[in-house]
Each structure stands twice: as structure tokens, then as C-alpha cells.
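Quick notes on the structure that follows.
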Amino acid sequence: MTGAPLILEVRDLVKHVPVGGGLLRRTRGRVTTVDGVNLELRRGETLGLVGESGCGKSSLARLLTAVDRPTSGEIHLLGERFDRLRGSRLRAARRHIKLVFQDPYASLDPRMTVEAIVREPFLIHRDAAPRADHRRLVGELLELVGLNPDHARRYPHQFSGGQRQRIAIARALALRPEILVCDEPVSALDVSVQAQIVNLFTSLQRELGIAYVFIAHDLSVVEHMADRVAVMYLGKIVEEGAAEDVYDRPRHPYTEALLSAVPDPVPDPERARNRVRLQGDVPSPLDPPAGCRFHTRCPQAAAECATAEPLLRAGAAAGGHAAACHFPLLPAPTGGSSGK
């Protein structure tokens, strides 16, 4: 994907969220949900974004799709300063980047038929297609995601969770966006259905050339989709690189711990003995630790880690991908498999 054009660029993105103080609703502090994030996405590429719940992944997704506004930083979409747009210019630009939500039971209006749900983008963006073509286009979109167009008059409650997520994907694809931001799109589904939806995303990318920001806490899901992976902890990117490098040769101790926690399809006693077990809980985002935010749980933390914040920088070891660690891990023996 190196030669593909850059279509999304994030620079020093920050989001502060005020925290209320009870009945009087006075602000008693703020949470920095996204803290100095830098990311790039190229056409047709999949960027996997992983991390524990509460690390800021969903907040970042809402910023990328202009659901929320950043406190500072820049978002460039197709060469345009996306975070500065307002009104009709913002509405026009948002057709290029769409969000697929986590819960298909909550993201679809139960009072609308499937046809009305999928057709809604055409009603908002009236120049996208003539009204006379709407029904045909809805049928084509449902067929594209593996649903029967004859069921367009049904309501969401008449479909399974996996089918509802397909409806949500069809709606997101209506305007043929260049980017889908997928916020935990399979975590609310049965395991047997998750693979079907992941395969659907993969086939859609091959057919449409679409790019994904694919957010998940399940690293095994991201492993089979992502070209590159960014690991997030307490609002910061702590490691970023090609999926094969990150999975086979992690440089940050937090990434190593996440990978160690992935269940083994075939139990391996040797791997079980070497499993990394983090101590303590994730610190409060209201009062994150000084220095490296991971140092309170890191098994190899030193005095420097408690005072100096590490920069996200590449190194010669482990394929040269970037990690924000004062003492990055040395390359492990080769082995394993990752990537698409």
C-alpha cells in the first residue's frame, strides 16, 4: 500500500471531555480521551486500531467522522482540512467517510423499514442519485452485503444480529465512501457470525477498493484484516507499524501483553508459561500517570519511565516500526503468522 495515495491524515489530534461534578453540574475536571494522535491511511488500506476498553478508540472514531469536534489538532480528508468544515461543506465531505457502529441493535431505527434505512443517505444527499433510482439502488446494496433485496420491506427486529450489521454496512456504503471507520463492528455478534462479517469486509474491499479504520479489542480479528496496526493506551498511540511486524515482533510491553492474552486455538504449555500477566488496573483517565502512562503496569519499568514521557519513534530493531517506549523490546525469534 506504500504507493497508494494518502486519503486520511491525522496530526496531533487531542480531545478533552469535561466531567461534571454532581447536581450543580459544575465542571470538576476533564478527561483527555485522545492525546496527540498521529495517523495516516492510504487508499484501499486497512489500519487496525487496538487497545483495551476505555483507551480512546471510539472517541477517535467519532473525531474521524466529525461526529465530535477535536479540541486541537488536524484531520485532513482527501487533501482537505476536514476538522474545519461546517454546514454544507461538511455535509458534502462526510459522504467520503462513514462510521459503522458496534451495536447493530441500537444503530438501526426500529420504526423504519430496511428500505427506508438504506435509502436515507440518498435523501440527505439529493445529488447522489435520482429519486426514481432509489429502490433499485437499495436492492443492489442489500445484494452487495449478502441480503435478499426482497426483504427490503421488513423491519430490523425481523433480522438476526449479523443481518442487522449487514444492513448497517449497506447504509454506510450507499454513497460509495472512500473510507469506512468500523468501531468494534463484530464484538456484539456471536463468534460464528463474526467471521462472516469479517469476510464480508474483506470482499467489499477487494470489490470497491475501500479503505478501513478497523477498531477492535480482539487482536485476532484485526490480524486477519489489517495492513498496519496502531496500538492505543490511555488516549495515546504506543506502537504503530506493519501488521506482520507488530504481531511477530512487538516493541512495546503493552503490545506484548495484549498479544499474550489472545486465546490459543490449540493450547501450548510453553506459551502458557511465558504469558505476560499485567498487574493492577488501568489508571483513571482523569489522573493519568506522569511519564509513560503504562509504567504503573509495566513489568520492565525503570525510574525514567515515571518521569519522562517516551516519544513514538521508529527503531532499527523489530523491522523499524514505531514504539513509544524508553526500553523497547528486542526482536523475538522469528515465527508466527500475521497480516491479511
Side-chain angles (χ1 to χ4, degrees), residues 4-9 41-46 61-69 75-102 104 106-156 159 163-183 185 197 200-214:
L6 191 65
I7 56 174
L8 180 67
E9 186 176 9
L41 182 69
R42 296 186 179 274
R43 190 177 301 279
E45 180 184 41
T46 298
R62 294 172 66 87
L63 295 176
L64 295 179
T65 52
V67 176
D68 291 335
R69 293 285 182 179
I75 303 173
H76 296 260
L77 175 64
L78 299 173
E80 188 172 27
R81 184 72 184 273
F82 187 50
D83 58 287
R84 286 182 173 174
L85 299 180
R86 298 291 188 275
S88 60
R89 292 186 62 197
L90 174 61
R91 186 165 59 251
R94 289 177 77 174
R95 67 196 301 170
H96 301 296
I97 183 167
K98 293 296 179 182
L99 180 60
V100 177
F101 294 94
Q102 174 181 357
S107 63
L108 304 179
D109 190 333
R111 299 165 298 179
M112 297 173 67
T113 64
V114 169
E115 181 178 358
I117 289 169
V118 178
R119 186 181 60 192
E120 192 172 25
F122 299 131
L123 300 178
I124 296 171
H125 298 268
R126 296 182 180 179
D127 60 332
R131 182 177 288 269
D133 293 341
H134 287 184
R135 179 167 294 179
R136 174 182 60 82
L137 292 171
V138 167
E140 291 176 358
L141 286 163
L142 293 177
E143 199 166 15
L144 181 65
V145 299
L147 293 175
N148 189 341
D150 293 337
H151 296 166
R153 298 296 182 89
R154 296 183 178 181
Y155 289 85
F159 294 86
Q163 290 173 324
R164 293 188 197 195
Q165 194 63 292
R166 290 175 187 267
I167 295 167
I169 294 168
R171 177 179 59 186
L173 292 174
L175 301 176
R176 290 295 193 263
E178 281 82 358
I179 302 168
L180 282 190
V181 178
C182 306
D183 186 11
I197 300 300
L200 173 62
F201 279 121
T202 303
S203 64
L204 290 172
Q205 188 172 55
R206 284 197 302 264
E207 184 172 345
L208 304 176
I210 199 167
Y212 296 126
V213 177
F214 197 92

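Each residue takes its place number in the sequence, starting with 1.
- Evaluation of the side chain to side chain donor-acceptor pair (under 3.5 Å) rule for D109 yields R111 as partners, not counting sequence neighbours.
- Residues that satisfy the side chain to side chain donor-acceptor pair (under 3.5 Å) test with R176, not counting sequence neighbours, are absent from this structure.
- Taken from CG in L175 to CG in L137, the straight-line distance is 10.5 Å, to the nearest 0.5 Å.
- Here the closest heavy-atom approach between residue P149 and residue G139 is recorded as CG-O, 3.5 Å.
- Taking both residues in full, the closest heavy atoms of A211 and L41 are given as CB-CD2, 3.8 Å, listed atom of the first, atom of the second, then distance.
- Listed by chain and number, the residues in a side-chain contact (heavy atoms from CB on, under 4.5 Å) with E178 are I7, R43, L78, H96 (sequence neighbours excluded).
- Residues satisfying the side chain to side chain donor-acceptor pair (under 3.5 Å) criterion with D68, sequence neighbours excluded, are R62.
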Step by step, would you call H151 with Q163 a side-chain contact (heavy atoms from CB on, under 4.5 Å)?
CA-CA 11 Å; H151 296 166; Q163 290 173 324; over 6 Å; no
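- Of the possible polar contacts, one joining the Q165 side chain to the P185 backbone as a donor-acceptor pair under 3.5 Å is found.
- Here Y212 pairs with F201 under the ring pair (Phe, Tyr, Trp, His ring centres under 6.0 Å) rule; sequence neighbours left out.
- Residues L77 and I179 form a side-chain contact, since some pair of their non-hydrogen atoms from C-beta on lies under 4.5 Å apart.
- In this structure, the side chains of I169 and I197 come closer than 4.5 Å at one or more pairs of heavy atoms.
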I'd like to know whether L108 forms a side-chain contact (heavy atoms from CB on, under 4.5 Å) with F159, so could you lay out the CA-CA distance, the side-chain angles of the two residues, the decisive distance to 0.1 Å, and finally the verdict.
CA-CA 11 Å; L108 304 179; F159 294 86; over 6 Å; no
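- Every residue meeting the side-chain contact (heavy atoms from CB on, under 4.5 Å) condition with T65, not counting sequence neighbours, appears here in chain and number order: V67, I97, L99, V181.
- The shortest distance between side-chain heavy atoms of I75 and L8 falls below 4.5 Å.
- Atom OH of residue Y155 and atom CE of residue M112 lie 10.0 Å apart, to the nearest 0.5 angstrom.
- Sorted by first then second residue, the salt bridge (charged side-chain N to carboxylate O under 4.0 Å, His left out) pairs that include residues 141-155, not counting sequence neighbours, are E115-R153.
- Among residue pairs with one or both ends in residues 92-102, those qualifying as salt bridge (charged side-chain N to carboxylate O under 4.0 Å, His left out) are R95-D127; sequence neighbours excluded.
- The list of salt bridge (charged side-chain N to carboxylate O under 4.0 Å, His left out) pairs with a residue in residues 78-87, not counting sequence neighbours, reads E74-R81, E80-R89, R81-D83.
- In terms of modelled atom types and a separation under 3.5 Å, the side chain of R42 and the main chain of A4 share a donor-acceptor contact.
- Applying the side-chain contact (heavy atoms from CB on, under 4.5 Å) rule to H134 yields the partners R119, F122, L123, A129, R131; only residues at least two apart in sequence or on another chain are considered.
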